[in-house]
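Read through the structure below, which is laid out as structure tokens, and then see the notes.
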Amino acid sequence: AHTFTSQYARKMAVSLVGTFWTPDATPVLQQAMLHDESEEIRYYAALALALHLPSSSIAILEEGLKSDSELVRYAIAKGLQESAYPSALSLVAPLFNDESFYVRRAAGMTAISLRDKRGVTVVLDTLHYETLDTGDNYGDNIFAQLSAYLGVNFGLNKEAWIHWWNQVKDTYQFPSDSLSH
């Protein structure tokens, strides 16, 4: 994909390679994730790798997590949500302290999806940043995701979420029927 001079052509190539995944796509996507001049293309390549990469190639994701691109780190954290990789949690845990609250939030949601309650504290800590997903975005918001994973629902009331978590965080157990594994 990196031989195309047109950014649009590279974006389409990366999207197609990522959508119709085969293992031999890995080097193309790795190259795009690490070196493409377009941050958007690096994002799509990272997302495809996080969604599809076999665990034997996890070092490629580790390389992407060192990227100075917020979008690349976000794509990997988001792409590992509900992942079956044994090492997915160890990949996202260092992102709990990322400089970007978007990356921290994605890492926290991924941790929650993998039934690690450290993610709840991380996600709730990001709520003091007002973003589209902290409001009523047609039912698609951070609180709806939290509710699906945690088995409680305080709607859009972030103070209620934070208060609840402060009360239960030491003893909380994930519900056995939550959406995660």
Side-chain angles (χ1 to χ4, degrees), residues 1-85 87-114 116 119 122-123 125-127 129-135 137-138 140-146 148-149 179-180:
H2 61 282
T3 55
F4 293 121
T5 51
S6 156
Q7 182 173 320
Y8 179 77
R10 290 194 320 275
K11 179 180 171 185
M12 288 299 99
V14 165
S15 295
L16 287 170
V17 167
T19 302
F20 302 104
W21 177 266
T22 59
D24 57 353
T26 302
V28 173
L29 291 170
Q30 180 182 16
Q31 177 72 21
M33 174 182 76
L34 296 174
H35 303 295
D36 198 278
E37 64 195 41
S38 161
E39 192 175 27
E40 184 183 22
I41 290 170
R42 294 199 309 268
Y43 165 84
Y44 283 116
L47 186 61
L49 286 166
L51 289 169
H52 300 292
L53 198 63
S55 54
S56 59
S57 308
I58 220 75
I60 292 170
L61 292 180
E62 289 171 340
E63 207 174 355
L65 289 171
K66 295 175 188 151
S67 172
D68 60 358
S69 165
E70 173 185 12
L71 276 177
V72 167
R73 297 188 314 274
Y74 172 83
I76 293 171
K78 182 82 177 144
L80 289 172
Q81 193 167 333
E82 298 188 18
S83 175
Y85 292 145
S87 52
L89 191 58
S90 62
L91 283 171
V92 300
L95 298 178
F96 294 166
N97 299 309
D98 196 90
E99 63 202 33
S100 162
F101 82 90
Y102 287 108
V103 174
R104 291 195 306 273
R105 184 176 288 173
M109 286 306 294
T110 292
I112 293 167
S113 80
L114 300 173
D116 185 314
V122 173
V123 170
D125 186 54
T126 68
L127 292 180
Y129 300 99
E130 289 294 334
T131 54
L132 283 176
D133 64 355
T134 58
N137 193 17
Y138 303 101
D140 178 24
N141 59 57
I142 196 85
F143 304 108
Q145 287 184 52
L146 283 172
Y149 286 124
L179 293 176
S180 56

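Positions are given from 1 along the sequence.
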* About how many Å separate CE of Met109 and CD of Glu82, when rounded to the nearest 0.5 Å? -> 9.0 Å
* Structure fact -> Shortest non-hydrogen pair, Val103 vs Ala77, comes out as O-CB, 4.3 Å
* With sequence neighbours excluded, tell me which residues meet side-chain contact (heavy atoms from CB on, under 4.5 Å) with Ser38. => Gln7, Arg10, Asp36, Glu40, Ile41
* Asked: At what distance, to the nearest 0.5 angstrom, does CD of Glu63 lie from CG of Leu34?
  -> 4.5 Å
* Taking all non-hydrogen atoms of both residues into account, name the closest pair between Pro94 and Ser90 and its distance. => CD-O, 3.2 Å
* Search all heavy atoms of Thr126 against all heavy atoms of Phe101 and return the closest pair with its distance. => CG2-O, 3.8 Å
* Applying side-chain contact (heavy atoms from CB on, under 4.5 Å), name anything that partners Glu62, two or more places apart in sequence or on another chain. => Ile58, Ala59, Leu91
* Residues in side-chain hydrogen bond (donor to acceptor under 3.5 Å, both in side chains) with Ser67, at least two apart? -> none
* Specify whether Tyr43 and Tyr74 have parallel, tilted or perpendicular ring planes, treating 30° as the upper limit for parallel and 60° as the lower limit for perpendicular. => parallel
* Taking all heavy atoms of Phe96 and all of Val122, pick out the closest pair and write down the distance. => CG-CG2, 3.6 Å
* To do: Before giving the answer on side-chain contact (heavy atoms from CB on, under 4.5 Å), spell out for Glu70 and Asp98 the whole-Å C-alpha distance, their side-chain angles and the decisive distance to 0.1 Å.
  => CA-CA 9 Å; Glu70 173 185 12; Asp98 196 90; 5.6 Å; no
* Kindly write out the residues that satisfy side-chain hydrogen bond (donor to acceptor under 3.5 Å, both in side chains) with Gln81, not counting sequence neighbours, or none if the list is empty. => Lys78, Tyr149
* Not counting sequence neighbours, list each pair that qualifies as a salt bridge (charged side-chain N to carboxylate O under 4.0 Å, His left out) and has a residue in residues 43-54. => none
* Asked: Checking Thr110 side chain against Ala107 main chain: does a donor-acceptor pair fall under 3.5 Å?
  -> no
* To do: Find the distance between OH (Tyr44) and CG (Leu29) and round it off to the nearest 0.5 Å.
  => 13.5 Å
* Mind checking what makes side-chain contact (heavy atoms from CB on, under 4.5 Å) contact with Ile60, not counting sequence neighbours? -> Thr26, Gln30, Met33, Leu49, Leu53, Ser57
* Sequence neighbours left out, what passes side-chain hydrogen bond (donor to acceptor under 3.5 Å, both in side chains) with Asp68? Give chain and number order. => none
* Check Leu114 against Ser83 and note the closest heavy-atom contact, atom names and distance. => CD2-O, 3.3 Å
* Structure fact -> Asp116 meets the side-chain contact (heavy atoms from CB on, under 4.5 Å) criterion, sequence neighbours left out, with Leu89, Ala111, Arg118
* About how many Å separate NE2 of His52 and CG of Leu47, when rounded to the nearest 0.5 Å? -> 8.0 Å
* Once you round to the nearest 0.5 Å, how far does CD1 of Ile76 lie from CG of Leu65? -> 4.0 Å
* Listed by chain and number, what are the side-chain hydrogen bond (donor to acceptor under 3.5 Å, both in side chains) partners of Ser69, not counting sequence neighbours? -> Glu39
